[in-house]
Amino acid sequence: MKVGVLAIQGAFAAHVAVLESLGVAAVEVRRPEHLDGLDGLVLPGGESTTLSMGLERSGLTGGVRAFVTSGAPVLGTCAGAILLAVECLDGRSDQVQLAALDVVARRNAFGRQVDSFETDLDVPRLGQLGLGDGPFHGVFIRAPALERVGPSVEVLAAHDGTPVAVASGRVVATTFHPELTADPRLHELVLGR
Ligand code: GLN
């Protein structure tokens, strides 16, 4: 199995490490040809405005959009979740929206004082899939909020009533950073392993 990690900016190296720990071949995606033959794609956290400009500059927008809307396994974390949304609030007006998930994301939604925090999350699907019971430790770094979640989107986890992990088909988005904890279960969930 070969899974790409968008490697324009942000926390891509940690995703590569998680994938490799699962025995998956990880490909750093910087140019359109790097998308060839991938079985899945990870859009990492970082700065969605910068990622967006990088997608445009590297000619990747069309190919990445086609991939994330193709039904293939996709994981978007934090800024990656913002890119997957249909709409972004408090972003740049020209920010790329890949529209793979019917959600509206608001950037930096948790305010300045508590803009980074960690908390244990209940993700019932992990236990249901036999990936292991027990909470998933969520690391939130200037996280977005998912303010509107459409009927095609399932909430996998919430924090204080706000969705923080959602799925639609094989596309999964988290507003936290699952690659920063030594817990590969969400990557496994996305890859169907
Ligand atoms: N605040 C960032 C953005 O708006 C996301 C932060 C992150 O990915 N950790 O793109």
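In listed order, ligands and their atoms are each counted from 1. The analysis underlying the following values was restricted to heavy atoms, covering all of them including side chains, and did not include hydrogens, waters or symmetry mates. Keep in mind it's a predicted model, so treat the numbers as computed, not measured.
Close approach of ligand 1 to R142 is summarised as follows: ligand atoms under 4.0 Å from at least one heavy atom of the residue are 1 (N), 2 (C), 5 (C), 6 (C). Taking every heavy atom of G45 and a limit of under 4.0 angstrom, the matching atoms of ligand 1 come to 8 (O). Distances below 4.0 Å separate heavy atoms of S48 from the following atoms of ligand 1: 3 (C), 4 (O), 10 (O).
The shortest N/O to N/O separation between T77 and ligand 1 does not fall below 3.5 Å. Taking distance alone, with nitrogen or oxygen atoms compared against 3.5 Å, I141 approaches ligand 1 more closely than that limit.
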Open item on the list: R107 vs S48, test: side chain to side chain donor-acceptor pair (under 3.5 Å). Steps then yes/no.
Closed with: CA-CA 9 Å; R107 295 180 65 222; S48 55; 3.3 Å; yes
Open item on the list: Between E47 and R142, does the salt bridge (Lys or Arg N to Asp or Glu O under 4.0 Å) criterion hold? Intermediate values first, please.
Closed with: CA-CA 10 Å; E47 213 39 67; R142 301 186 70 228; 3.3 Å; yes
TODO: Please assess H137 against E118 for the test side chain to side chain donor-acceptor pair (under 3.5 Å), listing each intermediate value before the final yes or no.
DONE: CA-CA 7 Å; H137 193 66; E118 299 186 18; 2.7 Å; yes
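The shortest heavy-atom contact between A105 and L146 is CB-CD2, 4.1 Å. Across all non-hydrogen atoms, the minimal contact from A72 to D39 is CB-O, 4.3 Å.
For the side-chain contact (heavy atoms from CB on, under 4.5 Å) criterion with V68, the lone passing option out of L98, L101, L83 is L98.
The protein heavy-atom contact nearest to atom 3 (C) of ligand 1 is E47 OE2, 3.2 Å. In terms of protein heavy-atom proximity, atom 4 (O) of ligand 1 is nearest to R107 NE, 2.6 Å. Looking at atom 1 (N) of ligand 1, its nearest protein heavy atom turns out to be N108 OD1, 2.6 Å. Nearest protein heavy-atom neighbour of atom 7 (C) of ligand 1: C78 SG, 2.7 Å.
For I82, every heavy-atom contact with ligand 1 shorter than 4.0 Å involves the side chain, none the backbone.
L55 CG to Q95 CD: the interatomic distance, rounded to the nearest 0.5 Å, is 10.5 Å. For the atom pair CD (Q9) and CZ (R30), the distance works out to 12.0 Å, reported to the nearest 0.5 Å.
The shell of residues lying under 4.0 angstrom from ligand 1, judged by heavy atoms, includes G46.
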